[in-house]
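Written out below as structure tokens is the structure these notes cover.
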Amino acid sequence: MEFTDWIGDARNVVFLVISLVMIGAAVMVVTSRNVIHAALMLGVALAGAAALFLMLGAEFVAWTVVLVYIGAVIVLFLFGIMITRAPTKTDTVRLDHKRRWPAAIVALGTFTTMATVTTMAFEDIPMPDGVARTGDLGDVLFSRFVIPFEVVSFVLLAALI
């Protein structure tokens, strides 16, 4: 498929706009000197993820992201920042940037590994026509991916504790 064919589809243009906004917001989350702005940009990035889930037809997952992550976690971050009166700018607290490049290399390696493994796992499987609904997601999640689902729930429980 050529780029002109790809960009001719309106869904691809919408995806491109949402993904560029998400990338910009994600960069602002980690580079912002103001903690409040970083939390708000995290909300924008999560809203973009919800929009992408809506484009995929996974309404339940999209609204779960909106309610749980944007509606609860981001608000919790903001209240925590405001209640503790944490410094919002770095003029009072200097950040350590000595490990910036190793962290960037690890992040790039992790992204490359995940992208390669995902592409290798799904490259021969054609995308089904139509939209997958929440019921279909539940069937696949609890039949084919039971073990990874349980591992993720255990990791989330450990993080909660």
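Between atom CD1 of residue Ile83 and atom CG of residue Leu76 there is a gap of 9.0 Å, rounded to the nearest 0.5 Å. With rounding to the nearest 0.5 angstrom, the CG atom of Leu156 is 11.5 Å from the CD1 atom of Ile161. One finds the CZ atom of Phe15 at 8.5 Å from the CD1 atom of Ile18 (value rounded to the nearest 0.5 Å). To the nearest 0.5 Å, atoms OG1 (Thr84) and CZ (Phe79) are separated by 12.5 Å. Between atom CE of residue Met55 and atom CZ of residue Arg11 there is a gap of 8.0 Å, rounded to the nearest 0.5 Å. Atom-to-atom distance recorded for Met28:CE and Asn34:CG is 9.5 Å, nearest 0.5 angstrom.
Applying side-chain contact (heavy atoms from CB on, under 4.5 Å) to Met114 and the options Val117, Thr110, Thr112 leaves one that passes, Thr110. When Ile74, Val68, Val66 are each tested for a side-chain contact (heavy atoms from CB on, under 4.5 Å) with Leu46, only one passes: Ile74.
Following chains of ILVMFWY side-chain contacts shorter than 4.5 Å, one can reach Val35 starting from Val30, so the two form part of one hydrophobic cluster. Taken together through direct or relayed side-chain contacts under 4.5 Å among Ile, Leu, Val, Met, Phe, Trp and Tyr, Val106 and Val29 form parts of separate hydrophobic clusters. In the hydrophobic clustering of this structure, Val73 groups with Met82; members are Ile, Leu, Val, Met, Phe, Trp, Tyr whose side-chain heavy atoms approach within less than 4.5 Å, directly or through other members. Leu67 is not connected to Phe60 by any chain of hydrophobic side-chain contacts under 4.5 Å among Ile, Leu, Val, Met, Phe, Trp and Tyr, and they are in different clusters. Hydrophobic cluster membership differs between Val44 and Val27, with clusters built from Ile, Leu, Val, Met, Phe, Trp and Tyr side chains linked at under 4.5 angstrom.
Of all heavy-atom pairs spanning Ala25 and Ala45, the tightest one is CB-N, 3.9 Å. Nearest heavy-atom pair, Leu52 versus Met22, reported as atom, atom and distance to 0.1 Å: CD1-SD, 3.6 Å. Pairing each heavy atom of Ile70 with each of Gly43, the nearest pair is CD1-O, 3.8 Å. Nearest heavy-atom pair, Ser32 versus Ala38, reported as atom, atom and distance to 0.1 Å: OG-N, 3.9 Å.
Between Asn12 and Ile7 there is no side-chain heavy-atom pair separated by less than 4.5 Å.
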Item to complete: Mind running side chain to side chain contact (heavy atoms under 4.5 Å, CB included) on Tyr69 and Thr64 for me, showing each step along the way?
Response: CA-CA 8 Å; Tyr69 289 107; Thr64 301; 5.8 Å; no

